[in-house]
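For reference, the structure discussed in these notes is given below.
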Amino acid sequence: MCGIVGIVGTKPVAGRLVDALRRLEYRGYDSAGVATIHDGVLDRRRAEGKLFNLEKRLDAEPLAGVTGIAHTRWATHGVPNETNAHPHFVEGVAVVHNGIIENFSELREELKAEGREFSTQTDTEVVAHLLAKYVRQGLDPRAAMLKMLNRVSGAYALVVMFQNDPDRLMAARSGPPLAIGFGAGEMFLGSDAIALAPFTNEITYLVDGDCAIVTRDNATILDFQGREVSRPRQISQATAYVVDKGNHRHFMEKEIYEQPEVISHALSQYVDFVSQKVRPVASEIDFAKVSSLAISACGTAYLAGLIGKYWFERYARLPVEIDVASEFRYREMPLLPTQAALFISQSGETADTLASLRYCKENGLKIGAVVNVRESTIARESDAVFPIMAGPEIGVASTKAFTCQLAVLASLAIGAGKARGTVSPEDEQALVRHLVEMPRIMARVLNIIQPQMESLSRELSKFNDVLYLGRGTSFPLAMEGALKLKEISYIHAEGYAAGELKHGPIALIDENMPVIVIAPYDRFFDKTVSNMQEVAARGGRIIFITDEAGAAASTLPTMATITLPNVDEIIAPMIFSLPIQLLAYHTAVFMGTDVDQPRNLAKSVTVE
Ligand code: M6R
C-alpha cells in the first residue's frame, strides 16, 4: 500500500524523505519517488521497484531543496513503472496520493475535452490537472486545493506542493490515514507515526474531510468548505508500530494484506526454505509414537483445527478427534495417555479452550499449543508451544491468525508424517516447496482479486442469507467463510459440506439465497460441480470460487466466478481464504458496519 511523506524543513530534505519512506516499506510498494522545490523550481526523481533504485537515482542526480514530498506506490491504476510513479507534476503542481479517486475517468474525460494531455495511466493525475487548472484560473493554492477536494470522490490521502508556494505543503484526507508531525522549526506529514518517528513524536492525525495547510512552524486544518477545525495533538507511543492501521481503513484490511509477510515468518520457524525440509518439532510431543491426536479450539481457530485434521489424517495417518472447546470440555471424552492434544488459540486466553486443555492435562496427555500470544496462559500451561508468528491481530474477525494457524498445522502434519514414515523424503520436499511458494502466491492473489471482491460485495450486501459449500478442506473453509461474513456484515450465512446439500439446506435454495461454492480443481471437484448443478436447477445463484483449471472445466452459469491460480492441495486452504476474507470485509465496509469491532463480539473470550 502506498506511503506518503512530506517535509517543510530548514535543511535538505531528499535524504530524509527517503529514510522516512523506508519506514513505510512494510506496506508493500512497487515504485517510489521524491520531489523538492529548489530556487523556485520543482524537480523529482522516481524509480520502479525498490527504494534502492530511487537512491541510486538520487546519488547520480541529487535533489536540493528544503521542502519536499515523497511516495511509495502500490499500483492500483496503471502498471508499476516510473511514468506512473508519484509525485505527479502538472504545470508547477506536485501531488502524491494514496487511495483511489473513484470519479477519475469522468474527470479525465472532462479535462481532456478542455485540451489537457495526460501522461500517466493513474487516477492521481486528475488531481494534479485540476489543481493546475484552478491555479491557471487565478486561484491561490488554498482555494485551488479546496475546489479540487470538492470535485474528487473516493478514498484518498493527498499531499500537494505548489511551485509558487515553496514554504507550504497542503494535505487532505478522506479515507487512508495521514498524520502531521510537529518538529522544531520544521513540520512533517506522513502516512503514519512510524514514518515520522525519527523526526518527532508530536502527532496530529487528520480525520476524514480534513484539509491541512502546513508551514515550517504550524499547521492549519480546514474542512473542505474552508472552515477552520481543531484536531488534538498527541504524543505517539513506542507501541505505534503494533497498533497502527497503517494506510488501511481497518485493522482487518491491514491484517488481510499482511498475510504474505507473516506467513513467511511463521513458515520460516517450521520449514527450511533452502533444503525444503520440515524443521524438527518440539521433542515434548513425539508424533511418531502418539496413538491419536485430540484437537480443540473455538471459532476460527476450531475451523483451522478442522482443516488440520484432514492433513494429520492424510499425511501422517494419525487419527484426530476434534471438537469445539465448549463441547469438548464437558463431553467426558475417554482419553488415553498415549494420545496427544493440540489447542489452537490466537489469544491463548480463550476460556473454553483453556478448560479443555486442563481436562486433557488431568488425563495425562502431552499438550501442544498453537498460539499467537506466546506469553498467554494456554502457552504457559502447555508442554510444547507452536507459535504462529502472526504479529498482533487487532481486528476481531480473525484473518492472518487463521492462515498462520493453517501454515503451522500443515508443517506439523508433514513433520508428523515424516516421523511416522508416511511422508517420504520426496513427498516432504514437494510439500514444503509448495508451502515456500505460498507467500508469493498470496501476494499475487491479493493483488488481482481485490477489485472483483469489492464489486461483488456490493451485490452480496443486497441479500439476507448466504450459503457456503465446500468439500474436503474446503468444507471447513466454507464454514470459515460463513463465519467471517456473519461476524462483520451481519448477513446470515451458513457453511455446509457440499455433500450435505441434499440432506436439508437444498430446501432453502431460491434466487434470494446466493450459494458460494469453494471448489479448487481437486479430487472432489466433479462431485462439487454436481452439487452446483443441483443449486442451478433450483434457480439458485452461484458465486464460484475456483482456480484456473476449475473455471475452464465448468460451464455452469454463475453470478460470479472468482478464479485463483492453480495451486497444490496442501496450500489451497490458505490461498482460498483470501477471497472469503475480502468478500466479508468489503461487504461489511459497504454496509457500514463496525468492521474491526463488530457488535457483541470480543477479540479474546475469557469467559465461558
Ligand atoms: O483467541 P482465540 O483464537 O482462542 O479465539 C477463538 C474465537 O473466539 C475466534 O476465532 C473468533 O471466532 C473470531 N472472532 C473469528 O473471527
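We count ligands from 1, going down the list as the structure has it; atoms in each ligand are counted the same way.
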I need the atoms of ligand 1 closer than 4.0 Å to a non-hydrogen atom of [X], numbered in the order shown.
{"X": "S398", "value": "15 (C), 16 (O)"}
{"X": "S347", "value": "1 (O), 2 (P), 4 (O)"}
{"X": "A301", "value": "3 (O), 10 (O)"}
{"X": "Q346", "value": "1 (O), 2 (P), 3 (O), 4 (O)"}
{"X": "A397", "value": "16 (O)"}
{"X": "E487", "value": "13 (C), 14 (N), 15 (C), 16 (O)"}
{"X": "K484", "value": "15 (C), 16 (O)"}

Assess whether side-chain hydrogen bond (donor to acceptor under 3.5 Å, both in side chains) is satisfied between H492 and D465, documenting all intermediate values.
-> CA-CA 5 Å; H492 169 235; D465 306 279; 2.8 Å; yes
Compute the shortest N/O to N/O distance between T353 and ligand 1 and return yes if it is under 3.5 Å, no if not.
->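 The answer is no, given that T353 and ligand 1 share no N or O pair closer than 3.5 Å.
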Taking distance alone, with no angle check, do Q405 and ligand 1 share an N/O pair under 3.5 Å?
->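 Among all N and O atoms of Q405, none is under 3.5 Å from an N or O of ligand 1.
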Take the angle between the ring planes of Y359 and F328 and call it parallel below 30°, perpendicular above 60°, tilted in between.
->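 Perpendicular, since the angle between the ring planes exceeds 60°.
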Specify whether F525 and F544 have parallel, tilted or perpendicular ring planes, treating 30° as the upper limit for parallel and 60° as the lower limit for perpendicular.
->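 Tilted: the ring planes of F525 and F544 meet at 30° to 60°.
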If you measure from atom 2 (P) of ligand 1 to every heavy atom of T300, I488, T350, which option wins on shortest distance?
->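 Checking each option, the heavy atom nearest atom 2 (P) of ligand 1 is found in T350.
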For L456, the option from I449, L583, I516 that meets side chain to side chain contact (heavy atoms under 4.5 Å, CB included) =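 That would be L583; it is the only one of I449, L583, I516 passing the side chain to side chain contact (heavy atoms under 4.5 Å, CB included) with L456.
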Given L342, which of L293, I367, L365 fulfils the side chain to side chain contact (heavy atoms under 4.5 Å, CB included) condition?
->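 With L342 as partner, L293, I367, L365 yield a single side chain to side chain contact (heavy atoms under 4.5 Å, CB included), made by L293.
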Between T399, T300, T587, which is the residue that forms a side chain to side chain donor-acceptor pair (under 3.5 Å) with K484?
->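 Option passing the side chain to side chain donor-acceptor pair (under 3.5 Å) with K484: T300.
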Can V396 be said to touch ligand 1, with heavy atoms closer than 4.0 Å?
->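 The answer is yes, since V396 has a heavy atom less than 4.0 Å from ligand 1.
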Select one of side chain, backbone, both or neither to describe which atoms of E349 lie under 4.0 Å from any atom of ligand 1, heavy atoms only.
->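 E349 to ligand 1: no contact under 4.0 Å from either part.
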Trace of the salt bridge (charged side-chain N to carboxylate O under 4.0 Å, His left out) decision for K502 with E534 | CA-CA 8 Å; K502 57 175 85 62; E534 292 157 8; 3.4 Å; yes
Provide the closest heavy-atom pair for Q259 versus I256 in the form atom of the first, atom of the second, distance.
->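 For Q259 versus I256, the nearest heavy atoms are NE2-O, 2.8 Å.
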